[in-house]
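Presented below is the structure to which this report refers.
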Amino acid sequence: MAVKVVPRYGNTLKEKSYIWAVVAGMKLTLKNFTTNLSDTSCIPTCEYPETQPSDITDRYRGLHLLTKRDDDTVRCVACFMCATACPSECIFIEAQERTDGVDEKEPKTFSIDLLECIFCGYCVEACPCDAIRMDTGIFSIIAATREEFIVDKEKLLSHTGIFGKENSLAQ
Amino acid sequence: MHLFMILFPIMLTLIFSLVTIPLLVWMERRVAALIQNRLGPNRCNIKGMRLGGIIQPIADMMKLIFKEEFYPAHIKQKFYYILAPGIVFGAAFLSFIVVPYADDITLDGFTYHIQALPIELGILWFVAIASLGVYGIIIAGWSSHNKYSILGALRASSQVISYEIAMGLAIVSFLITYDSISLNTMVQAQGELLFGFIPAWGIIMQPLAGLIFIVTAFAETNRAPFDAPEGESEIVAAYHTEYSAMKFALFFMGEYIAMSASSAIIVTLLFGGYQIPFLNTQVMHQHINLVLIALLILVPLLSMGFIRWMQKNNSCDLSHRRETKYATILITVFVICFESFLFYLLSSGLSYEQSSVGIMILQILSFAFKVMLMNFVFVWVRWTFPRFRYDQIQHLGWKILIPLALLNIFFTAIFVILAGV
Ligand code: SF4
Ligand code: SF4
């Protein structure tokens, strides 16, 4: 087996004296400082509340939503896969029999405690029917009380994804 | 007048140490932001006036003042616990008071030293008092009674034994060069010219000792890259883990005053103190009219540059336009008043005492400018370099800086004897 010799750095006098490395580092930061000072428009940060970010990708995990079937009814079949996969155990589902003949089961209540959710996306991956997604693009969730952070089925159904239906992690 | 001239340097010390803290905090945050391609604090305002974010540290200060004074229940030595931040703050503040802000000035037959504590001990006072600050850190770490704090205190003590000697030895080289321990004499010596065209600043006379002194002064202030005692990524915040509200603020302010004091001493020893390059006090007295004319040209030029920069960079958001407008008007009015004042001075001519006062003001401004520049270097270094491990600090101190400093003393002494000065 051939032995690969890895070059070792840092043993010459020039490298040991640190001076050149120090000067190089200081030069780099000073260059950043002066370019940004002389023209603040080259700074890539955005003035957040006034300017909303425009670079949310289609894989971004934002607030959840429950998708609908083509006939506008809830797609979820209350199989509890998402609730089982959820590492923070923050999905609360109550199932009931579905009477309109589309399917056999549907969730009576479906709520997610957003204060416990860690936005890992496991629920989306676990769902066998592509019924839950996180593609609302909503990243800032504000409420005044803890109870308001528990979003229920109606709220989840009311959101629409900002990316097309074909952009699904599950399908 | 007599009383005023005696109190004046004390006021200057208060300004240089306390009033500059918010400025330094602001500078730290802004420079850090710009180095990291961010904007930094720019939201805090009073009726839309943001002053580039200077309002932010004032708001921070208000927050710290009105926070609850909290004493952790496990602390036994309450006396030392409360004493520690006081030591850090007091030592930093006291080390400042020997710095000369301007050349000695003679008014009505009295000679005043523009030094809050006009003693000849100068640099020795700084060395003695500044190193006391470490005791504050050690006591804080000990009395906080938790492992992280004690580790921080240990690191501080291991650090102090590695750099203090090198610092002392570097200073000895300066003492040999200037043949004095009084800071004012040193600064006066730096007003001369070397070979007729280079200012005889300490950094040019003693480059090696200068470098060692700067490195050790960074270590003295416990700032990056020598902030191992604080090491917030490894040992939480070490010695100020258990401190809150104003007690923490004292540590915090102490750090900034120490930084300012170190800058002031570095400037005094190495960068000509209050001297304006090529213009020492006598030269300025002889050519006071030329100095005034130079000011007459420089001030509007600088203000114009600043206004243009502000109008370019402060108008990204419409609500800030008003501030830019007001600031432009204010600066213009100031420049016009200043110019007419200069014209008046030029036309009426200056008496010797008037010109002394003028020179004193110029020298104080030059000193303030240099100190701010040095503070900028402190901030710049902090946001460039990672932290030294504490054994690396010892390695640097004992194996590199001390031998170099000793060699430097040796060669300086030989040179001084051979040159027969
Ligand atoms: S994103 Fe993760 S934590 Fe949040 S509900 Fe889904 S599975 Fe649970
Ligand atoms: S969202 Fe998906 S995984 Fe969760 S209960 Fe409904 S169908 Fe099952």
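Treat the numbers as computed from the prediction; the structure is a model and nothing was measured. The sequence lines fix the lettering, A, B, ..., with proteins before strands; numbering per chain opens at 1.
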message = If you count heavy-atom pairs within less than 4.5 Å of chain B, which of A:G25, A:S38, A:A21 leads?
response =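 Heavy-atom pairs under 4.5 Å are most numerous for A:S38.
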
What are the two closest non-hydrogen atoms of [X] and [Y], and how far apart are they?
X      : Y     : value
A:I43  : B:R38 : CD1-O, 3.3 Å
B:N37  : A:P44 : O-CD, 3.7 Å
B:F385 : A:M26 : CE1-SD, 3.5 Å

Cut-off 4.5 Å, heavy atoms of chain B, and the answer for A:L28 is neither

More than 12 non-hydrogen atoms from neighbouring residues, nucleotides or ligands closer than 6.0 Å to [atom1] on [X], yes or no?
X      : atom1 : value
B:M205 : CE    : yes
A:F139 : CZ    : yes
B:F369 : CZ    : no
A:Y122 : OH    : no

*May I have the step-by-step check of side chain to side chain donor-acceptor pair (under 3.5 Å) for B:W383 and A:T29, ending in yes or no?*
CA-CA 8 Å; B:W383 296 100; A:T29 41; over 6 Å; no

Checklist entry - Relative to chain A, which segment of B:L211 carries a heavy atom at a distance below 4.5 Å: side chain, backbone, both, or neither? => result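 Contact with chain A is through the side chain of B:L211 alone.
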
> Hey, what do you get for CG (A:L37) to CD1 (B:I35), rounding to the nearest 0.5 Å?
Replying inline: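 The CG atom of A:L37 sits 11.0 Å away from the CD1 atom of B:I35.
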
